[in-house]
Amino acid sequence: MVSSILYFPICAPPLRFTLISFLSALLMLLFAFCVSSNPGVLNVKYRYPRLQGSLSALKEHDDRRQLTILAGIDLPLGGTGRPDILGLYYAKIEIGTPAKSYYVQVDTGSDIMWVNCIQCKQCPRRSTLGIELTLYNINESNSGKLVSCDDDFCYQISNGPLSGCKANMSCPYLEIYGDGSSTAGYFVQDIVQYDSVAGDLKTKTANGSVIFGCGARQSGDLDASNEEALDGILGFGKANSSMISQLASSGRVKKIFAHCLDGKNGGGIFAIGRVVQPKVNMTPLVPNQQHYNVNMTAVQVGQEFLDIPADLFEAGDRKGAIIDSGTTLAYLPEIIYEPLVKKITSLESDLKVHIVDKDYKCFQYSGRIDEAFPNVTFHFENSVFLRVYPHDYLFPYEGMWCIGWQNSGMQSRDRRNMTLLGDLVLSNKLVLYDLENQLIGWTEYNCSSSIKVKDEGTGTVHLVGSHFISSAFSLDTSLLLLSLLVLITLFLL
């Protein structure tokens, strides 16, 4: 999910923005909240669409994510990235003293963690995911405290002092998404509990102090009408405000994590720590980019390479490909999308392609798709490649097969011709993020199995596996969901 995060005192004039009409309306809505003595926390409710007769909800989901771009900590995690079912992965964490459970979406494309708070009157109270939603109440946690405007975190995340934000005020945040929806609230600090690796397939409870957003208000599409609601988002982006950056700055973890999303069964593995097995080939991250951008060098369909201008792959602003587990599909520049889809559909001469919901090319086919259609391979710097099989980029819908590739040339101006690789290409692969060395890599893997993670303190290697989630999540299909247990390897201090 790709997003812009804007921070300013909610009650102060929006000096930094040009969208005066939108913000004026938003601030008027927030005014009643600002005048109260309690800190305002804006709950952002994400909409994770389950297909119910229309593919448009799936596209809308990705549109929102592209304005914010998996995350986790040692959490039980569930969900699936299959576009024909749900399109999200979520984790279970514990917050506060005494600890309470919260279900949050894991997201490598956003940089803050936030949960819905008790002040929020429009936040969801129930979810069709079969999980119990919880509103965070700082007054019920012995370890919770407000983050003030003069706190270093507030200063750093805002790139300087905030106009109108005084020392006795709580540090606010406002996050605006591309569809005009927004969430706002104040930062708080509390204890987050998670499982750390204690041995082969064994964990123990650990905790760390983390600053996160307490959501109190939302506008636009981020309201209580969302049926597949969660308690919030757990951001694992590159910024210092992300949870992994905060834990790393305290010396508790290395800034290295990995996920393996099971595209068949759902769930998978999410681990914080150095993965030593399986081996992963790495490619450099493009420097000075907000998200996880990598340098793509070529696109191959079957045995043929697409004829693409070399400068399309030059590193730089908005260049390279964004790796984002929070996006369900994959978005390609028109100059790649058109010949790629043409080669895929031209292999079967009697194939009749239908346009569904304006954006999806679908067709009927009764044979084995992996035998009839080609693999698509993306090539990256350091001779790293990512292969996508027909069963990954084709998904069933109303008796047809639909192509998961999307034309980013048809997106809005800010997202036009961007390359964004989501769960469609990342599922069934172990993806390793090494922020210590600014590298990322992946390898094909059985995400229902286990991986080996090294304890940086002792040097020992432990087995980490996927786990079943304990919540009563149910789907309209018989899909069995695994949970993702995000395991953190702590240092010995």
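For the atom pair CD of Gln193 and CD of Glu94, the computed distance is 6.0 Å after rounding to the nearest 0.5 Å. The distance from the CD1 atom of Ile93 to the OG atom of Ser101 is 9.5 Å, given to the nearest 0.5 Å. To the nearest 0.5 Å, atom SG of residue Cys260 and atom CG of residue Leu432 are 11.5 Å apart. Taking CD from Gln119 and CG from Asn137, the interatomic distance works out to 7.0 Å, rounded to the nearest 0.5 Å.
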Exercise. Ile211 and Val188: side-chain contact (heavy atoms from CB on, under 4.5 Å), yes or no, with the steps?
Worked result: CA-CA 6 Å; Ile211 295 175; Val188 299; over 6 Å; no
Problem set entry | Full working for salt bridge (Lys or Arg N to Asp or Glu O under 4.0 Å) between Arg126 and Glu132 | CA-CA 7 Å; Arg126 61 184 60 88; Glu132 183 177 350; over 6 Å; no
For this session: Please step through side-chain contact (heavy atoms from CB on, under 4.5 Å) for the pair Tyr102 and Val192, ending with a clear verdict.
Result: CA-CA 10 Å; Tyr102 299 84; Val192 176; over 6 Å; no
For this session: Check step by step if side-chain contact (heavy atoms from CB on, under 4.5 Å) holds for Ile95 and Tyr136.
Result: CA-CA 8 Å; Ile95 303 177; Tyr136 176 80; 3.8 Å; yes
Exercise. Checking ring pair (Phe, Tyr, Trp, His ring centres under 6.0 Å) for the pair Trp442/Tyr433: CA distance, chi angles, key distance, verdict?
Worked result: CA-CA 9 Å; Trp442 46 78; Tyr433 302 74; 9.1 Å; no
For this session: With ring pair (Phe, Tyr, Trp, His ring centres under 6.0 Å) as the test, would you mind laying out the steps for Tyr186 and Tyr173 before giving the verdict?
Result: CA-CA 6 Å; Tyr186 287 88; Tyr173 76 90; 8.4 Å; no
Problem set entry | Test side-chain contact (heavy atoms from CB on, under 4.5 Å) applied to Gln438 and Leu285, step by step | CA-CA 6 Å; Gln438 291 296 297; Leu285 289 168; 3.9 Å; yes
Problem set entry | Trp405 vs Tyr393, ring pair (Phe, Tyr, Trp, His ring centres under 6.0 Å): CA-CA, chis, key distance, verdict | CA-CA 7 Å; Trp405 308 113; Tyr393 66 76; 5.6 Å; yes
For this session: Please lay out, stage by stage, how Phe236 and Phe257 fare under the test ring pair (Phe, Tyr, Trp, His ring centres under 6.0 Å).
Result: CA-CA 9 Å; Phe236 256 67; Phe257 66 96; 5.0 Å; yes
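Annotation for Leu230 and Gln105: closest pair CD1-N, 3.7 Å, computed over non-hydrogen atoms. Of all non-hydrogen atoms in Ala321 and Leu421, the two that sit nearest each other are CB-CD1, 4.3 Å.
At least one side-chain heavy atom of Leu332 sits less than 4.5 Å from a side-chain heavy atom of Phe378. In this structure the side chain of Met282 reaches within 4.5 angstrom of the side chain of Asp434, judged on heavy atoms. Inter-residue side-chain proximity for Asp359 and Gln406 is flagged as met; some heavy-atom pair is nearer than 4.5 Å. Residues Ile233 and Val104 are not in side-chain contact: their nearest non-hydrogen atoms beyond the backbone lie 4.5 Å or more apart. Side-chain contact check for Val464 versus Ile269: some heavy-atom pair is nearer than 4.5 Å.
With sequence neighbours excluded, no residue forms a salt bridge (Lys or Arg N to Asp or Glu O under 4.0 Å) with Lys238.
A salt bridge between Lys100 and Glu140 is present, with a side-chain N of the basic residue lying under 4.0 Å from a carboxylate O of the acidic one.
If you check the side chains of Asn407 and Tyr331, you find no donor sitting under 3.5 Å from an acceptor. Side-chain contact annotation: Asp190 with Ser141, donor-acceptor N/O pair under 3.5 Å present. In summary, the side chains of Ser245 and Lys255 do present a donor paired with an acceptor at a separation below 3.5 Å, with no hydrogens or angles considered. At a cut-off of 3.5 Å, with distance as the only test, no side-chain donor of Glu381 or Thr283 sits close to an acceptor on the other residue.
Below 30°, between 30° and 60°, or above 60°: for Phe187 and Phe153 the angle between ring planes is above 60°, a perpendicular geometry.
Checking each of Thr419, Asn293, Val294 against Ile322 for a side chain to side chain contact (heavy atoms under 4.5 Å, CB included) leaves exactly one that passes, namely Asn293. The side chain to side chain contact (heavy atoms under 4.5 Å, CB included) test with Met243 is passed by exactly one of Ile112, Asp111, Val210: Val210.
Cys pair Cys117/Cys120: SG-SG separation is not below 2.5 Å. Taken as a pair, Cys171 and Cys149 fail the criterion of an SG-SG distance shorter than 2.5 angstrom.
Other residues, nucleotides and ligands contribute at most 12 non-hydrogen atoms within 6.0 Å of the CG atom of Asn288. Within 6.0 Å of CG on Asn281 lie no more than 12 heavy atoms contributed by other residues, nucleotides or ligands.
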